[in-house]
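Along the sequence shown, residues carry numbers from 1.
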Amino acid sequence: MRNPIVIAIDGTSASGKSTNAKLVARTLDYVYVDTGAMYRTLAWYCLAKRVDPHDGKAVANVCRRWKTSLQCAEGEFRQVRLLVDGYFPEKEIRTPAVAAAVPHVAAVPKVREWMKKKQRECIQFGNLVMEGRDIGTNVFPETDFKFYLDASLSERSRRREADGVQENLAARDERDSQRKAAPLMIPLGAALIDNSGETPEQTSSRIITEFKRRREARK
Ligand code: DC
């Protein structure tokens, strides 16, 4: 495929990035990429290998020697998975221990360099809907299709609780926004979407409408 399109979806924790990115990918038949899952996979791997997530040097070393591969899995929608020795730790990366470790791992500059390279390699699979914290600012800054999702803290906390996850979202967002390497921020030229009180169908259809408008304007 020549010049695949990348739809970059960034935003705060529990702002609906995953749900909406999946819906958009399914509707447009694009490949979904969850970059948070990649950072979580490294955090999980560090914990499994008894590497302290706060020790940036040790984490960077693990990352440098890490044996991974990218796979495009088929299903309800196509999605990229980062495999570790051929294994995708789908359940393991959603534990509270991994959620607590991941912002520390994600703040290591060498880790971010490694992730950016891997994430850009996903273009080999075709048109992408990629969600994360720095996709529009750092990973694919050249894309015309940037979105920034947010919702009120109370609504985001409710969503996480409904998923059975208890965590301090404000603290995690604060750490993700304050770090030096590729902090969470609103990308220049992004469409801002506050989806408080909306259903995923409403939000994803707003994203698709804006995407199509921008794509037409580019022609
Ligand atoms: O979206 P998530 O909760 O699965 O993300 C897990 C963590 O990874 C979160 O603390 C922020 C970090 N992250 C990041 O720094 N950059 C990305 N592109 C994606 C996630």
Review point. Around Asp163, counting heavy atoms of other residues, nucleotides and ligands shown, do more than 12 lie under 6.0 Å from its CG?
Key: yes
Is any side-chain N of the basic residue among [X] and [Y] closer than 4.0 Å to the acidic one's carboxylate O?
{"X": "Asp150", "Y": "Arg156", "answer": "yes"}
{"X": "Arg78", "Y": "Asp29", "answer": "yes"}
{"X": "Lys117", "Y": "Glu113", "answer": "no"}
{"X": "Lys212", "Y": "Glu216", "answer": "no"}
{"X": "Glu161", "Y": "Arg158", "answer": "no"}

Once you measure the plane-to-plane angle for [X] and [Y], does it fall in the parallel (<30°), tilted (30-60°) or perpendicular (>60°) bin?
{"X": "Tyr32", "Y": "Phe77", "answer": "perpendicular"}
{"X": "Tyr87", "Y": "Trp44", "answer": "tilted"}
{"X": "His104", "Y": "His54", "answer": "tilted"}

Check your understanding: So Asp173 and Arg160, salt bridge (Lys or Arg N to Asp or Glu O under 4.0 Å) or not? Walk me through it.
Key -> CA-CA 14 Å; Asp173 287 339; Arg160 271 291 143 94; over 6 Å; no
Review point. Looking at side-chain heavy atoms only, is the closest gap between Arg214 and Glu210 below 4.5 Å?
Key: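 They are in contact (side-chain heavy atoms under 4.5 Å apart), so the answer is yes.
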Review point. Is there a side-chain contact between Asn20 and Glu198 (heavy atoms, below 4.5 Å)?
Key: no
Review point. Any chance the side chains of Glu155 and Ser196 put a donor and an acceptor closer than 3.5 Å?
Key: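 Result is no, nothing qualifies.
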Review point. Is it the case that Arg133 and Ser13 place a side-chain donor and acceptor less than 3.5 Å from each other?
Key: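 A donor-acceptor contact under 3.5 Å links the two side chains.
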Practice item. With rounding to the nearest 0.5 Å, note down the distance linking CG in Asp144 to CD1 in Ile7. Key: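 With rounding to 0.5 Å, CG (Asp144) is 11.5 Å from CD1 (Ile7).
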**Study point:** Distance (rounded to the nearest 0.5 Å) between Met115 CE and Thr41 OG1
**Key:**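 Result: 7.5 Å between the selected atoms.
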